[in-house]
Structure formats: C-alpha cells, structure tokens
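Being a predicted model, the structure only gives us computed values, none of them experimental.
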Amino acid sequence: MRTYLTRRVLQLVPLFFIMTIMTYGLMHLAPGGPEAVFLAGEDPNIRPEDIQALRKQWGLDAPFHVQYGKWLYRVVVKQDLGRSYATQRPVVEAMAARMPATIQLNAVTLLLIYGLSIPLGVIVAVRQYSFFDYVMSTFSFVGYAMPSFWIGLMLIFLFALNSGGVIPTSGYASPGVTAETHGLIPVLVDRARYMILSVIAVVTGGVAALTRYMRNSMLEVMKEDYIRTARAKGLAEKIVIYKHALRNALVPIVTLSGGLIGGLFAGSAIIERVFAWPGIGQLWLNAVDKKDYPVVMAFLLLGFLVNTASSFLTDILYVIVDPRIKYS
C-alpha cells in the first residue's frame, strides 16, 4: 500500500502542473482583465493610463510565463495564495470565512444521498418489478434528468409564494440568531430552515442516480453462484442480502464516490449562487465575474486537492469493502 500511495502522489505532480498551467492560461486568454473591471466600477470614464498603471502594480504587464512562475513560487514555496484584487484581502482569509458554510451544505447533502440511496437501492432490487420498483425507477430517470439549479429555481418559486416565510428561499441564517443569545438548539433549527431547499435541490439528483446504480449492482450480485449457495444452505434471507450481497454490491458504488464528492464541491457553486448561500462556491463565481485571478486559482487548487483526496479515499474504501483487492 505504501508503494502504491507513493506512486500515486508522484503522479499528481505533473497533473498539478498541467492543471494550473491550463487554468492560468485560459484566464489570461479571456478578453479584459481584473484592472479594467476594478477601475470601471470606480469610474466608467477611467483613462487607459490608469489601467496600465494598475496592471503594472499587480504585475499583469509581465509575460505569461513570468506571471505563472511568480504565482507558482508563491504558492509552492511560500504557501501563500496571494491577495484578492477586488478586496485586497488575503485569499486564505476570504476562503476560510466562507468554508464552514460550504462544508455544512456538502456534509449534509452527502450524508442524505448515501443514507437514502443505498437502502432504497437494496429495497427496489429485492422487490424487483413491484409497484415500489416502478415508482423508484421513474423517480430515478426524472430526478437524474433535472439539473439541480433548475430544481432550486422551481423550489424558490414554489416556497417563496406559499411558505409564508417559514422556509427561507435565500441566505444562511436569521439576523441576530446566535448561540450566545438564543441557545444551540434554536440556532441549529434556524440553520436547518435555510438549508432545506438547497439540500433538496442537490439531493434529488444524487439520490436518483445512486439509487439506480445501487439497484443494478444488487441485481447483478444476486445472480451470482455464492448467493444461490448461501440460500441453498438455508441462511435467512436478511443474512443473504445484507451480509453477502450488499457488501459486494457496494464496490461499484465506491467507484462513484470519488466523482460524487468532487462533483458536489464543484456543483455547490451553482447552488450557492441560486440560494444566496455564503459559501466558497459563491466567492469563486464572484471572482470569475471580476476576473479576480488569485481567488479563482485558489478555488481551482482547492478543487484539485478535494478530488485528489476523494480519489485516495475511494482506493482505501475498495480495500475495506473487498479485502481481496491488494495494492502493491
């Protein structure tokens, strides 16, 4: 395992350079720049000399390889993500302030997706061709086809008109509701109210897709000879399903886990924008609008680390779910 992990880490080095060079290059190929966006907000009639002076101050007048080299040195050697062009605030501080909101949203979403889809997938596989199976199959196709942002917009339209403010359609928390003034339970309830719609928007597609995968995986496993042998030995059906079939059916689900975690992190940016959720994804979208290069690169670097970590987690879960798998 140690040799395998070492090899995987070494493979990440060229991947890191390719990802950062392509991202940095694509940003600089886009028309305009952060200096134009920043100064246009200050004064629509700004002079070209002022724009050029700001480009020189931020180092944007240097050749591409020089700019990229300085960014790479600062990130790798100094562990410094730089400062936001728009706010002049350290990028690390800006991301750290918004990170808890994104972690809360993604953690709840991930827990619900797996907590619902795995049991539902097992149930519909055991009750194949039943009415419940047809209902869940229809939900899987429809739920997977609907984008999460569209579901979010429909939920906003529905609850903004009919909930009477009981279920908020945007924001993170009610003003003034803190643990110091109201206690822990009221704060948790308040946060849950603001999280309901955004979680439903993301969970719908995730549960629809993963339930379908779990159902198909269980059906394939239940056709295997060792399942028939277990039944022939007189084992209880629950033991056959949950001890012998389920563990082996989870192997394809583990394969999807790495992509699901990375997809939730990237997709949360759209959901955060739709529901005005003050997370790191919304910070990134605002940075893209303003061409705030340091913030954009920091978010993509974080996404690279999240996808790498989820890939390693998938490899570890493979060994736990199926001990026959060995890494060398």
Might you point out which heavy atoms bring A230 and V240 nearest each other, and give the distance in Å? CB-CG2, 4.1 Å

Any donor-acceptor pair under 3.5 Å from D292 side chain to Y85 backbone: yes

Linking I/L/V/M/F/W/Y whenever any side-chain heavy atoms sit under 4.5 Å apart, do L72 and M19 land together? yes

Using only atom types and a distance under 3.5 Å, with no angle test, would you say the side chain of S148 pairs donor to acceptor with the backbone of V202? no

Could you give the distance from CG (N248) to NZ (K243), rounded to the nearest 0.5 Å? 12.5 Å

Is a side-chain N or O of S311 found less than 3.5 angstrom from the main chain of N307, in a donor-acceptor match? no

Can you name the nearest heavy-atom pair linking L105 to S198, along with the distance? CD1-OG, 3.4 Å

Aromatic plane relationship, Y134 with Y129 - under 30° parallel, 30 to 60° tilted, over 60° perpendicular: tilted

Consider side-chain contact (heavy atoms from CB on, under 4.5 Å). Of L111, I113, L110, V108, which one does V203 pass it with? I113

For D133, is there any backbone N or O sitting under 3.5 Å from a side-chain donor or acceptor partner on Q128? no

Between CG of L301 and OG1 of T20, what distance do you get to the nearest 0.5 Å? 8.5 Å

Between A201 and I271, what is the shortest heavy-atom contact and its length? CB-CD1, 4.1 Å

Shortest non-hydrogen contact from G171 toward W277: O-CE3, 3.4 Å

More than 12 heavy atoms of other residues, nucleotides or ligands under 6.0 Å from CZ of F304: yes or no? yes

Can you say whether the rings of Y293 and Y24 are parallel (under 30°), tilted (30 to 60°) or perpendicular (over 60°)? tilted

What is the distance from atom OG of S170 to atom CG of L197, rounded to the nearest 0.5 Å? 9.5 Å

Quick check against the 3.5 Å criterion: does T211 have a side-chain atom that pairs as donor or acceptor with the backbone of L120? no

Cut-off 3.5 Å, side chains only: do S117 and Y213 have a donor facing an acceptor? no

Keeping the roles fixed (side chain from R228, backbone from K223), state whether a donor-acceptor pair exists under 3.5 Å. yes

Do you know the tightest heavy-atom contact between A298 and L81? CB-CD1, 3.9 Å

What I'd like to find out is whether the side chain of W71 reaches to under 4.5 Å of the side chain of M297, using heavy atoms alone. yes

For P294 and R83, which heavy atoms make the closest approach, and how far apart are they? CG-O, 3.3 Å

